[in-house]
Amino acid sequence: MDQMNIVVGETSRYKTLKGYCFMSCKTIYVMISSFLSEEEKMIVAAHELGHIILHRSQLKMAPMQDDTLYNMTDNTEYQANLFAADLLIEDEDIEEMVQNEVRLIICRWRYRVISWRNNKGLKHSAIRKLSIYLTEVEYLC
């Protein structure tokens with residue numbers, strides 16, 4: 001934010017407000033709650049930067065205040081959240097999370113299919129083929 005000539009400060013004036021940004025005399029200010037952990041401050045700063053970049057025209061009308069981080073119902077908040085996530089989370093970390101989620105889904109699905117097959121006492125060839133396939137991917141579990 002220093003490179004963008006944005007003034008960043010901390011405030012203890014509000015206990016529930018996590019951060020806000022505003023423009024005054026062509027200078028942009030970001031204020032972050034001093035009650036937050038260092039990690040939360042970084043997330044709030046990235047979120048506010050999202051507002052500055054994506055919603056600059058709205059800063060001129062009124063300060064953008066965030067008392068509920070991760071608000072996904074308001075479009076501007078949603079966009080600022082996505083911006084912050086894109087800025088702070090490495091692509092490799094996201095790929096790893098997706099791979100772990102896929103592994104979990106496959107394992108759960110395999111368990112359900114095998115449980116269903118065993119409960120029904122089925123020996124159908126399609127079920128056997130599916131079971132063989134799932135055994136091949138069992139190393140994922």
Side-chain angles (χ1 to χ4, degrees), residues 1-124 126-141:
M1 288 195 206
D2 290 338
Q3 296 171 350
M4 297 176 68
N5 294 321
I6 297 170
V7 178
V8 180
E10 288 191 19
T11 181
S12 59
R13 292 179 76 187
Y14 312 101
K15 292 204 183 231
T16 59
L17 191 63
K18 295 183 183 307
Y20 61 96
C21 56
F22 64 96
M23 183 181 289
S24 177
C25 300
K26 297 187 180 182
T27 300
I28 297 174
Y29 297 87
V30 172
M31 299 305 294
I32 300 171
S33 173
S34 59
F35 300 111
L36 302 175
S37 69
E38 292 304 312
E39 185 176 67
E40 288 174 310
K41 289 176 185 176
M42 178 134 3
I43 293 169
V44 172
H47 177 91
E48 296 305 326
L49 182 59
H51 283 308
I52 292 164
I53 291 173
L54 301 171
H55 313 120
R56 188 180 211 101
S57 64
Q58 294 179 22
L59 294 177
K60 296 175 185 175
M61 294 184 286
M64 301 199 80
Q65 301 177 5
D66 296 314
D67 56 357
T68 309
L69 199 57
Y70 319 119
N71 177 356
M72 298 303 236
T73 57
D74 180 87
N75 197 39
T76 58
E77 295 304 312
Y78 178 72
Q79 291 171 354
N81 287 338
L82 289 178
F83 180 91
D86 186 50
L87 182 66
L88 297 174
I89 302 173
E90 297 293 329
D91 291 346
E92 295 80 20
D93 293 337
I94 292 175
E95 289 171 8
E96 183 180 330
M97 286 185 261
V98 168
Q99 288 173 356
N100 289 338
E101 185 66 23
V102 167
R103 288 184 188 116
L104 183 61
I105 289 168
I106 289 173
C107 291
R108 286 179 180 161
W109 188 62
R110 182 179 188 279
Y111 174 78
R112 288 181 184 147
V113 167
I114 290 172
S115 295
W116 177 78
R117 182 192 69 201
N118 291 340
N119 287 339
K120 298 293 183 183
L122 297 175
K123 302 291 185 216
H124 190 270
I127 299 286
R128 276 193 304 243
K129 289 177 186 175
L130 179 61
S131 182
I132 290 168
Y133 168 75
L134 291 173
T135 301
E136 290 172 359
V137 296
E138 188 172 38
Y139 72 91
L140 295 174
C141 297

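All values derive from a computational prediction rather than experimental measurement.
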Q: Please collect all salt bridge (Lys or Arg N to Asp or Glu O under 4.0 Å) contacts where either partner lies in residues 21-34, sequence neighbours excluded, each pair once.
A: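 Qualifying pairs: none.
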Q: Could you tell me whether the side chain of Ile28 reaches within less than 4.5 Å of the side chain of Val7, counting heavy atoms only?
A: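 Not in contact.
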Q: Tell me every residue that passes side chain to side chain contact (heavy atoms under 4.5 Å, CB included) with Met42, counting only those two or more places apart in sequence or in another chain.
A: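 Met42 satisfies side chain to side chain contact (heavy atoms under 4.5 Å, CB included) with Leu88 only.
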Q: With sequence neighbours left out, what residues match Gln79 under side chain to side chain donor-acceptor pair (under 3.5 Å)?
A: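 Listed in chain order: His55.
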Q: Run the side chain to side chain contact (heavy atoms under 4.5 Å, CB included) test on Phe35 and Ser12 for me, step by step, so that the C-alpha distance in whole Å, both residues' side-chain angles and the decisive distance to 0.1 Å come before the verdict.
A: CA-CA 7 Å; Phe35 300 111; Ser12 59; 4.0 Å; yes
Q: Would you give the length of the straight line joining atom CZ of Arg56 to atom CE of Met23, rounded to the nearest 0.5 angstrom?
A: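 These two atoms lie 4.5 Å from each other.
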Q: I'd like to know whether Thr27 forms a side chain to side chain contact (heavy atoms under 4.5 Å, CB included) with Ser24, so could you lay out the CA-CA distance, the side-chain angles of the two residues, the decisive distance to 0.1 Å, and finally the verdict.
A: CA-CA 5 Å; Thr27 300; Ser24 177; 5.8 Å; no
Q: Any heavy-atom pair between the side chains of Thr76 and Leu54 that's under 4.5 Å?
A: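 Sidechains of Thr76 and Leu54: no contact.
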Q: How would you list, by chain and number, every residue that makes a side chain to side chain contact (heavy atoms under 4.5 Å, CB included) with Asp93, sequence neighbours excluded?
A: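 So Asp93 forms a side chain to side chain contact (heavy atoms under 4.5 Å, CB included) with Ile89, Glu90, Met97.
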Q: Can you list the residues that meet the ring-ring contact (aromatic ring centres under 6.0 Å, His included) rule with Phe83, with sequence neighbours excluded?
A: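 For Phe83 there are no ring-ring contact (aromatic ring centres under 6.0 Å, His included) partners, ignoring immediate neighbours.
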Q: Is any side-chain heavy atom of Tyr14 closer than 4.5 Å to one of Tyr20?
A: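 SC-SC contact between Tyr20 and Tyr14 confirmed.
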Q: Just jot down the side chain to side chain donor-acceptor pair (under 3.5 Å) partners of Gln99, sequence neighbours excluded, or say none.
A: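 Checked Gln99 against side chain to side chain donor-acceptor pair (under 3.5 Å); zero matches.
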Q: Does anything in residues 7-16 form a salt bridge (Lys or Arg N to Asp or Glu O under 4.0 Å)? List the pairs, not counting sequence neighbours.
A: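 For residues 7-16: Glu10-Lys41.
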Q: Between Ser34 and Thr11, is there a donor-acceptor pair closer than 3.5 Å when you use the side chain of the first and the backbone of the second?
A: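 Between the backbone of Thr11 and the side chain of Ser34 there is a qualifying donor-acceptor contact (under 3.5 Å).
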Q: Kindly say whether Leu82 contributes a backbone atom to a donor-acceptor pair with the side chain of Asp86 at under 3.5 angstrom?
A: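 Such a contact is absent between Asp86 side chain and Leu82 backbone.
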Q: For a side chain to side chain contact (heavy atoms under 4.5 Å, CB included) check, start with the C-alpha distance between Asn81 and His47, then their side-chain angles and the critical distance, and finish with the verdict.
A: CA-CA 6 Å; Asn81 287 338; His47 177 91; 2.8 Å; yes
Q: Looking only at heavy atoms, what is the nearest atom pair of Ala84 and Ile43, with distance?
A: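 It is CB-O, 4.3 Å.
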Q: Going by side chain to side chain donor-acceptor pair (under 3.5 Å), name the residues that satisfy it together with Ser37, two or more places apart in sequence or in a different chain.
A: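 Partners of Ser37 by the side chain to side chain donor-acceptor pair (under 3.5 Å) criterion, ordered by chain and then number, come out as Glu40.
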Q: Provide the closest heavy-atom pair for Val30 versus Cys21 in the form atom of the first, atom of the second, distance.
A: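 Smallest interatomic distance, heavy atoms only, reads CG2-CB, 3.9 Å.
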